[in-house]
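First the structure, in the form of structure tokens, and then the observations on it.
Values below: every heavy atom of this structure, side chains too, minus hydrogens, waters and symmetry copies.
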Amino acid sequence: MWRQHVDADGGKRWYDDAISYWKGVDASLDGVLGGFGSVSDADTRESRNFLQDVLGRQLVRAREAGERTKAIDCGAGIGRVTEKLLIELFDEVDLLEPLPHFVEKAKEKLAEAGSWKGGREEGSMRSDGHRVNQFFQLGMQEFVPEEKCYDCIWIQWCLGHLDDQACVDFLQRCGKGLKPGGLVALKENISSDGIIVDRDDSSVTRPHSCWLRLFKQSGLTLVKVENQKQFPRELFEVKMYALKPKC
């Protein structure tokens, strides 16, 4: 049924309804995390461990070679993941987020932290020189990353807004946007009983088997998968996936 709703007009109403929902959500930690702002620390901790495990050596080699590392935060919201995680691990971070009030809050928060001074040409106030470069105010279904640009493309709690084909198309574009040795890191809620549709925010929660099928269709190889730990029992299971283009 949800696929028919998406296919009816090429997804326009489905995506418009999602944007309308999120326009009414407060640009705050509790807002973007659905009232569960308290999980942010545990989420960040597990995400950091996961990234360091799958990408740590690649980042060390890049820095030893004098290269600047770069990530993009997809569905970035108010910049929570960038501020707490990505800016600590990567020299440069871009953010992809379609909601204007979320983008403005992210700029405000990242400027306060010294990571954002108006773009690449303005540099950074951080002692380590890490900085935010660009904000792309677009939906994932519209975004085309620059080829061979990123060491990591981070996608968290947002691909549920895309239908299966749009997911595959986006992941294929992400694969082209990776530097050699780079990874797509995906973190999503997981259903234990088929696809669950949320008509309030125009999203779906997919089972693990569905994600494996989409990864295969997108031409990405699964490098590692882990479960998020220490979340409240009433929440969905959450999995982290590391993906790389097939050789």
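At least one donor-acceptor pair under 3.5 Å links the side chain of D30 to the backbone N or O of G37. With D73 contributing its side chain and L95 its backbone, the two residues share no donor-acceptor pair below 3.5 Å. T82 contributes no side-chain N or O that, together with a main-chain N or O of G79, makes up a donor-acceptor pair within less than 3.5 Å. A donor-acceptor pair under 3.5 Å is formed between the side chain of Q58 and the backbone N or O of P180. A donor-acceptor pair is defined here as one N or O able to donate and one able to accept, closer than 3.5 Å; no such pair exists between the side chain of Q217 and the backbone of C167.
V223 places a side-chain heavy atom less than 4.5 Å from the side chain of L183. Looking only at side-chain heavy atoms (C-beta outward), I72 and F136 come within less than 4.5 Å of each other. Looking at heavy atoms from C-beta onward, P245 lies out of side-chain contact with T221 at the 4.5 angstrom threshold. Side-chain contact between K179 and C149 is absent, with no heavy-atom pair separated by less than 4.5 Å. Using a 4.5 Å heavy-atom threshold, the side chains of V184 and W154 count as separate. Using a 4.5 Å heavy-atom threshold, the side chains of C174 and I155 count as touching. In this structure the side chain of D163 never reaches within 4.5 angstrom of the side chain of W14, judged on heavy atoms.
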**OP:** May I have the step-by-step check of side chain to side chain contact (heavy atoms under 4.5 Å, CB included) for L214 and R206, ending in yes or no?
**Re:** CA-CA 10 Å; L214 296 180; R206 296 177 170 92; 3.7 Å; yes
Original post:
Could you go step by step and tell me if E112 and K109 meet the salt bridge (charged side-chain N to carboxylate O under 4.0 Å, His left out) rule?
Top reply: CA-CA 5 Å; E112 290 174 357; K109 288 168 62 67; over 6 Å; no
**OP:** Using the side chain to side chain contact (heavy atoms under 4.5 Å, CB included) rule, take I190 and T205 through it: C-alpha gap first, then chi angles, then the decisive distance, then the call.
**Re:** CA-CA 6 Å; I190 302 297; T205 302; 5.7 Å; no
**OP:** Give the intermediate values and the outcome of salt bridge (charged side-chain N to carboxylate O under 4.0 Å, His left out) for residues E97 and K107.
**Re:** CA-CA 12 Å; E97 171 54 50; K107 288 180 177 179; over 6 Å; no
**OP:** Please report the C-alpha distance between V81 and S47 in whole Å, then the side-chain angles of each, then the deciding distance to 0.1 Å, and finally whether the side chain to side chain contact (heavy atoms under 4.5 Å, CB included) criterion is met.
**Re:** CA-CA 9 Å; V81 174; S47 296; over 6 Å; no
Subject >> side chain to side chain contact (heavy atoms under 4.5 Å, CB included) between R173 and D169, worked out >> reply: CA-CA 6 Å; R173 296 195 299 273; D169 292 343; 3.7 Å; yes
**OP:** Evaluate the criterion salt bridge (charged side-chain N to carboxylate O under 4.0 Å, His left out) for residue pair D164 and R213; output intermediate values, then yes/no.
**Re:** CA-CA 10 Å; D164 287 359; R213 175 176 56 80; 3.0 Å; yes
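We find that E108 and K105 are joined by a salt bridge, their nearest charged nitrogen and carboxylate oxygen being less than 4.0 Å apart. Taking the charged nitrogens against the carboxylate oxygens, D91 and R131 have no contact shorter than 4.0 Å, which rules out a salt bridge. A salt bridge does not link D151 with K70: every distance from a Lys NZ or Arg NE/NH1/NH2 to an Asp or Glu carboxylate oxygen is 4.0 Å or more. Between R13 and D17 there is a salt bridge, since at least one side-chain N of the basic residue sits less than 4.0 Å from a carboxylate O of the acidic one. Ion pairing between a basic and an acidic side chain is recognised when a charged N comes within 4.0 Å of a carboxylate O; D43 and K84 show no such pairing.
Closest non-hydrogen pair, C74 versus F170, comes out as SG-CZ, 4.0 Å. Across every non-hydrogen atom of C158 and G75, the tightest pair is SG-CA, 4.0 Å. Nearest heavy-atom pair, A106 versus G77, reported as atom, atom and distance to 0.1 Å: CB-O, 4.0 Å. Between S115 and I87, the shortest heavy-atom contact is OG-CG1, 3.8 Å.
With 3.5 Å as the limit, one finds no donor-acceptor pair spanning the side chains of S203 and D198. One side chain, T69 or R63, offers a donor N or O that lies under 3.5 Å from an acceptor on the other.
Enclosure of atom NZ in K244 is not indicated, since only 12 or fewer non-hydrogen atoms of other residues, nucleotides or ligands lie within 6.0 angstrom. In this structure, D193 places its CG atom where only 12 or fewer heavy-atom neighbours from other residues, nucleotides or ligands lie under 6.0 Å away.
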Only distances under 3.5 Å count here; give the side-chain donor-acceptor pairs of residues 138-147 to other protein atoms, sequence neighbours excluded, each with its distance to 0.1 Å.
residue: E142; atom: OE1; partner: G139; partner atom: N; Å: 3.0

For residues 234-243, run the donor-acceptor check on the side chains, cut-off 3.5 Å, and write out each pair with its distance to 0.1 Å, sequence neighbours left out.
residue: E237; atom: OE2; partner: N227; partner atom: ND2; Å: 3.2
residue: E237; atom: OE2; partner: K239; partner atom: NZ; Å: 3.1
residue: K239; atom: NZ; partner: N227; partner atom: OD1; Å: 2.7
residue: Y241; atom: OH; partner: H208; partner atom: ND1; Å: 2.8

In residues 20-27, what donor-acceptor pairs under 3.5 Å come from side-chain atoms, sequence neighbours left out?
residue: S20; atom: OG; partner: D16; partner atom: O; Å: 3.0
residue: W22; atom: NE1; partner: H161; partner atom: NE2; Å: 3.2
residue: D26; atom: OD2; partner: S28; partner atom: OG; Å: 2.9

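Residues passing the side chain to side chain contact (heavy atoms under 4.5 Å, CB included) test with E188, sequence neighbours excluded: W157, L159, L186, W211. Partners of F135 according to the ring-ring contact (aromatic ring centres under 6.0 Å, His included) rule, which considers only residues two or more places apart in sequence or in another chain, are W116.
In the hydrophobic clustering of ILVMFWY residues, with side-chain heavy atoms under 4.5 Å counting as a link, I153 and L220 come out together. Connection of V132 to L85 is established within a shared hydrophobic cluster, with ILVMFWY side chains joined at heavy-atom distances below 4.5 Å, either directly or through further cluster members. Taking hydrophobic clusters as Ile, Leu, Val, Met, Phe, Trp and Tyr residues chained together by side-chain heavy-atom distances below 4.5 Å, I78 shares a cluster with V39. L110 and L29 fall into different hydrophobic clusters, defined by Ile, Leu, Val, Met, Phe, Trp and Tyr side-chain heavy atoms under 4.5 Å apart, directly or through other members. Cluster annotation: V32 and I19 are assigned to the same hydrophobic cluster (Ile/Leu/Val/Met/Phe/Trp/Tyr, side-chain heavy-atom contacts under 4.5 Å, transitive).
With values rounded to the nearest 0.5 angstrom, E64 atom CD is found 11.0 Å from L59 atom CG. Annotation: the span from R61 atom CZ to L55 atom CG amounts to 9.0 Å, rounded to 0.5 Å. If you take SG on C152 and CG on L51, they are separated by 5.0 Å, rounding to the nearest 0.5 Å. D128 contributes atom CG, which lies 4.0 Å from atom NE2 of H130 (distance to the nearest 0.5 angstrom). Expressed to the nearest 0.5 Å, how far CG of L212 lies from CZ of F215 amounts to 6.5 Å.
For residues 51-60, the salt bridge (charged side-chain N to carboxylate O under 4.0 Å, His left out) pairs, not counting sequence neighbours, are D53-K224.
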